[in-house]
Each structure stands twice: as structure tokens, then as C-alpha cells.
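Keep in mind the model is a prediction, meaning the values are calculated, not measured.
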Amino acid sequence: MKLFENKQARLEAALGPPSKTMDASEYAQELVMIVSRTIESHLDLLPVPGKRRGFKATQMITRSVDGSSKGAGEDGMMYYIKVKTPVEKWPWVFVKVHEPPLVTGVSRVKFEGMKKMDQEYKLVTF
């Protein structure tokens with residue numbers, strides 16, 4: 001657990017200032033779709049084979065991640081995305097997705113966290 005906390009602390013330290021809140025782009029919607037199974041899991045939803053739930057990205061905030069510390073060259077990006085869900089108990093969630101400068105796994109992005117909201121709130125970084 002300590003290794004995970006150190007990695008997360010290093011990532012947070014490498015984040016640049018947040019952008020202004022903006023309407024979600026098509027790319028943000030694509031990121032939500034990539035991590036949709038994880039969102040379902042955090043909402044205690046059972047996955048339905050062959051069916052996607054209607055998660056709709058509405059707003060986003062971005063923060064660049066300094067990638068030069070590991071010699072990666074280009075910066076990565078952290079996305080904070082406000083998502084409308086079809087779940088009655090949690091109609092809104094904030095999803096945190098990291099896009100590293102260098103892809104080292106199966107997916108090009110990593111789900112970093114999620115906050116569940118029982119009503120609509122202003123999008124914030126977390």
C-alpha cells in the first residue's frame with residue numbers, strides 16, 4: 001500500500017494547474033467509455049454483456065502531468081470529467097482519468113478515482 005501511496009503522491013506533485021471548467025469534448029466522452037466498466041463497478045452495477053450504459057460526459061477540467069522527469073519527453077494529462085449516469089441513487093459522478101505520456105499497459109488511460117454525487121455539483125479536482 002505504501003508503494004501505491006508514494007506513486008500517487010509523485011503523480012499529484014507533477015500535476016500542473018487546472019484548466020478552467022469547460023464543456024466535455026468528444027475525447028472526454030471516449031475516455032468515459034474506456035473506463036465505463038470500472039465506473040459500473042464503483043456504482044455496484046452488474047455488467048450486462050454486449051450492452052453499454054448511458055454515461056454522458058458533460059464537463060471537464062484538465063491538468064498536464066510533467067512527463068520529462070522520467071525522460072518520456074511529452075507531458076501526460078489528467079482529466080476530471082463530470083458524468084451524468086442512469087443510476088437513480090447516484091445521478092452524477094466525477095471521474096479522474098490519467099493519460100500517461102508513455103503507454104506501458106493494455107489501455108492508454110488509467111482510472112484514478114471517482115466521486116459519487118446524489119445531486120448535481122460544480123466540477124472540482126480531487
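Contact check for Ser64 versus Leu15: no side-chain heavy atoms found under the 4.5 Å cut-off. Looking only at side-chain heavy atoms (C-beta outward), Met114 and Val83 stay at 4.5 Å or farther from each other.
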### Query
What do the steps show when you test Tyr79 against Glu112 for side-chain hydrogen bond (donor to acceptor under 3.5 Å, both in side chains), and what is the final call?
CA-CA 10 Å; Tyr79 295 87; Glu112 290 289 337; over 6 Å; no

#### Entry: Residues Thr62, Met60; criterion side chain to side chain contact (heavy atoms under 4.5 Å, CB included); working and verdict
CA-CA 7 Å; Thr62 61; Met60 65 188 238; 3.7 Å; yes

### Task
List the steps, then state whether side chain to side chain contact (heavy atoms under 4.5 Å, CB included) holds for Arg108 with Ile34.
CA-CA 9 Å; Arg108 70 176 193 256; Ile34 290 170; 3.7 Å; yes

### Query
Thr85 and Trp92: side chain to side chain contact (heavy atoms under 4.5 Å, CB included), yes or no, with the steps?
CA-CA 6 Å; Thr85 78; Trp92 294 95; over 6 Å; no

### Task
Could you give me the CA-CA distance, side-chain angles and deciding distance for Thr125 and Arg63, then say whether side chain to side chain contact (heavy atoms under 4.5 Å, CB included) is met?
CA-CA 9 Å; Thr125 60; Arg63 293 176 79 180; 4.1 Å; yes

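Gln29 places a side-chain N or O within donor-acceptor distance of the main-chain N or O of Phe55, the cut-off being under 3.5 Å.
Separating the CH2 atom in Trp90 from the CD1 atom in Ile39 is a distance of 15.0 Å, to the nearest 0.5 Å. Once rounded to the nearest 0.5 Å, the distance linking CE of Met77 with OG of Ser19 reads 8.5 Å. For the atom pair OG (Ser41) and CG (Leu46), the distance works out to 9.5 Å, reported to the nearest 0.5 Å. Lys82 contributes atom NZ, which lies 10.5 Å from atom CG of Asp23 (distance to the nearest 0.5 angstrom). In this structure, CG on Leu123 lies 5.0 Å from OG1 on Thr21, to the nearest 0.5 angstrom. The distance from the CZ atom of Arg53 to the CG atom of Leu45 is 4.5 Å, given to the nearest 0.5 Å.
The neighbour count for Gln119 CD, taken as heavy atoms of other residues, nucleotides or ligands under 6.0 Å away, is above 12.
One hydrophobic cluster holds both Ile61 and Val124 under the rule that ILVMFWY side chains link at heavy-atom gaps under 4.5 Å. Cluster annotation: Tyr27 and Met33 are assigned to distinct hydrophobic clusters (Ile/Leu/Val/Met/Phe/Trp/Tyr, side-chain heavy-atom contacts under 4.5 Å, transitive).
Taking every heavy atom of both residues into account, Met78 and Lys96 meet most closely at SD-CG, 3.7 Å. Considering all non-hydrogen atoms of both residues, Ile81 and Ala28 come closest at CD1-O, 3.8 Å.
Between Tyr80 and Phe126, a ring centre-to-centre spacing shorter than 6.0 Å is recorded.
Just one residue in the list Val87, Val32, Leu43 forms a side chain to side chain contact (heavy atoms under 4.5 Å, CB included) with Val93, and that residue is Leu43.
Glu120 and Lys84 are not joined by a salt bridge, as no carboxylate oxygen comes within less than 4.0 angstrom of a charged side-chain nitrogen.
In this structure, the side chain to side chain contact (heavy atoms under 4.5 Å, CB included) partners of Thr38, at least two apart in sequence or on a different chain, are His42, Phe111.
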